[in-house]
Amino acid sequence: MSIEHRRHFTVPPPDTGESKHNPTTTWNCYLRELSKQKKYQEALTVYRHMLRSSFFPNTFTFPVLLKSCALLSLPLTGSQLHSHIIKTGSQPDPYTRSSLINMYSKSSLPHLARKVFDEESINLTISYNAMVSGYSSNSMILEAVNLFRKMRREVSFSVNSVTMLGLVSGFTLPSHLKLGACLHACGFKFGFESDLSVANSFLTMYVKCGEVEQARQLFDEIPVKDLITWNAMISGYAQNGHARRVLELYFEMKKMGGVNPDPVTLLGVLCSCANLGAQGIGREVEKKIEQLGFRSNSFLTNALINMYARCGNLVRAREVFDCMDDRNKSVVSWTAIIGGYGIHGEGEIAVELFDAMVRSGVRPDRTVFVSVLSACSHAGLTEKGLKYFDEMVRKHGLQPGPEHYSCLVDLLGRAGRLKEAMDLIDSMKVKPDGAVWGALLGACKIHRNVELAEVAFQHVIELEPTNIGYYVLLSNVYSDAKNLDGVLKVRIMMRDRKLRKDPGCSYVEYKGKMHLFYSGDKSHPRIKEIYRMLDELESLVKEIHQPDHKCQGKTEEPLIGAGVHSEKLALAFGLLNTKPGTDITVMKNLRVCVDCHVFFKLVSKIVNRQFIVRDATRFHRFKNGVCSCKDYW
DNA sequence: ATAGGGTTAG
């Protein structure tokens, strides 16, 4: 009997004689059907009904139920089943035993799993597989590998590809890489490389260990790729910030044909669009979502909100958010929209949304507080920010981490309350990370506090000695104070440590492509037009610009961004290619250079257009191999 | 027994 016929029953009716089998078999079929449809909770309910109706489970009943417990992470129900199995007297058969091992492993109880494993003197491949995978998924890599070795030694139990899958899935940290690569070579020897699922799992392993290049090499070696292969590589690039490569791969996949994207693919693409500010491509993805009927996937909707928000299109982000069914609005959805308003300085709206979220009964988590606090600090809502921090701890019982403290230090610092910021750091229960001291250093830059800047610098450099941004920041503090010795000191320090500032770059999106500019860049095909436009703008700006006394103190030899700023080039290019009345989003590294804000504001006034300057920090952070090539236009 | 997934600041 199919599940369709049973829909109007909560549980199957007792055997009506339609089946020649024993009634338990009918129940088992029903349970298996539920499990196939991933209705695990229902399966367990049906089991209770089964007991109440005095039908007895047999060996085929338990594996299904144990799987439900494993996937729902219900170790209590699982161990009850375990004792029930023991009570039935008979030794659990191999399938039930491997299900038990799996259930305990998935509930993070590998020791109990091992107990079940050890109860049998001769284990079959399936028990070994379950145990190896159990150790592996509980990050007990050594135990997993040892068992794997034992398995290989005992001739009668051969390693199969499922063993490999279970073992490899646990290699998730950079420290696992060496063993993992070894295993990869070993897998080749066994002839597993022809098994696509094994190859895919190694691909994922390289991604998780942070070795995208290795992953790519393997990806290229796989002759016939399936959707999982593409997804593993695409999301691998996405997670490691290689946004540009994600898009390249996505287009390649489309060109190849044969494989259609699924929600996982599009998720990686959208995330990369968000990081690149590639709204045009993002819009196409949205159409695709519509076409393929993935509208109801809330992962995708959240990614869409995030994409539009980060691309500066708050209107569309809000529309997508508002169109969501209230039941589907998770903390993540709220975080995306709140963060969106926060980035663009709309702190008031961000805060209102946060309150609305709490009212709607969604429990805030630590991440959403990061968004709220940073929204407050960007909008100068100092008191509100402090209030929310307090509520986070007292009302919602959430432990503040360094990421919250760095927002709070930023909040107090921007408001000029440097002393309080310093006291806050002293009062921290967790160890301050680089970001906390970095926020203080940034505040010292704004408020020209050389002494405190030196203290903050000492700390931050201990934690992040190779982060060039902080050296630049301190140098600028000295430079503002006309302390040339200080500037020199920092420069020598940078030279000794062989740190070089990568050239910053800005970009705008045009016709679905990124147009990238370095400062003083002359490589763009339409460079002549761009410079002509820029000259025009600069002379117009000079006409209306009254020199600001604050700018006078600047030393003439800045560490970075000398000459024509990259964002000016990007702006000029944007103006050349868009119709009057449309907004232009320029992506730049907000942290490095703020001087261009004045220029942007003035141009905005002159041409009567809106410019959105978007932070491309993420893009810059991971730009190894992303930013260096010139083939963006 | 089995490979791929959304949010955060400086």
Looking at [options], which one has an atom nearest to any side-chain atom of [X]?
X	options	answer
A/I343	B/dA9, B/dG4, B/dG10	B/dA9
A/V162	B/dT2, B/dT7, B/dA9	B/dT2
A/E403	B/dT8, B/dG4, B/dA1	B/dT8
A/Q239	B/dA3, B/dG6, B/dA1	B/dG6
A/S371	B/dT8, B/dA9, B/dT7	B/dT8
A/S197	B/dG5, B/dG10, B/dA3	B/dA3
A/S99	B/dT7, B/dG10, B/dA1	B/dA1
A/V332	B/dG6, B/dG10, B/dG5	B/dG6
A/N302	B/dG6, B/dG4, B/dA9	B/dG6
A/A130	B/dA3, B/dT7, B/dA1	B/dA1

Taking any heavy-atom pair under 4.0 Å as a contact, classify [X]: base, sugar-phosphate, or nothing.
X	value
A/S127	nothing
A/N328	nothing
A/R97	nothing
A/T367	base

key: Shortest non-hydrogen separation from A/L270 to A/M307 and the atoms involved   =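 In this case the closest contact between A/L270 and A/M307 is O-CG, 3.8 Å.
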request  = Can you see which heavy atom on A/V212 is nearest to which on A/M233, and at what distance?
outcome  =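 Looking at all heavy atoms of both residues, the shortest contact is O-CE, 4.0 Å.
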So, is [X] near the phosphate of [N], with a side-chain N or O under 4.0 Å from OP1 or OP2?
X	N	result
A/R414	B/dG10	yes
A/K208	B/dG4	yes
A/K67	B/dT2	no
A/H378	B/dA9	no
A/N306	B/dT7	yes

ask   = Any sub-3.5 Å donor-acceptor pair from A/N138's side-chain atoms to A/S105's backbone N or O?
value =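 Flag set: sc A/N138 to bb A/S105 pair under 3.5 Å.
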Give the rounded distance in Å between these two atoms: [atom1] of [X] and [atom2] of [N].
X	N	atom1	atom2	value
A/H184	B/dA3	NE2	C1'	13 Å
A/I222	B/dG4	CD1	P	13 Å
A/R366	B/dT7	CZ	P	17 Å
A/I228	B/dG5	CD1	P	10 Å
A/M357	B/dT8	CE	C1'	13 Å
A/L412	B/dG10	CG	P	14 Å
A/K329	B/dT7	NZ	P	19 Å
A/D226	B/dG4	CG	C1'	10 Å

query = Is there a donor N/O on one and an acceptor N/O on the other, under 3.5 Å, for the side chain of A/T335 and the base of B/dG6?
reply =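 By the distance-only test, no, there is no pair.
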key: B/dG5 base / A/N231 side chain donor-acceptor hit below 3.5 Å   =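 Answer is no: no donor-acceptor pair is held.
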Exercise answer: donor-acceptor pairs, residues 160-168 of chain A side-chain atoms, under 3.5 Å, sequence neighbours excluded:
residue, atom, partner, partner atom, Å
A/N160, OD1, A/N129, ND2, 3.2
A/N160, OD1, A/V162, N, 3.1
A/N160, OD1, A/T163, N, 3.0
A/N160, OD1, A/T163, OG1, 2.9
A/S161, OG, A/D195, OD2, 3.1
A/T163, OG1, A/N129, OD1, 2.7
A/T163, OG1, A/N160, N, 3.0
A/T163, OG1, A/N160, O, 3.1

key: Flag for A/S272-A/N275: side-chain donor and acceptor within less than 3.5 Å   =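 No, no side-chain donor-acceptor contact under 3.5 Å.
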message = We want to know whether A/N200 and A/D226 form a side-chain donor-acceptor pair, criterion being a heavy-atom distance below 3.5 angstrom.
response =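 Side chains of A/N200 and A/D226: pair found under 3.5 Å.
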request  = Flag the pair A/K384 and A/E391 as a salt bridge only when some basic side-chain nitrogen lies within less than 4.0 angstrom of an acidic carboxylate oxygen.
outcome  =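 A/E391 and A/K384: not salt-bridged.
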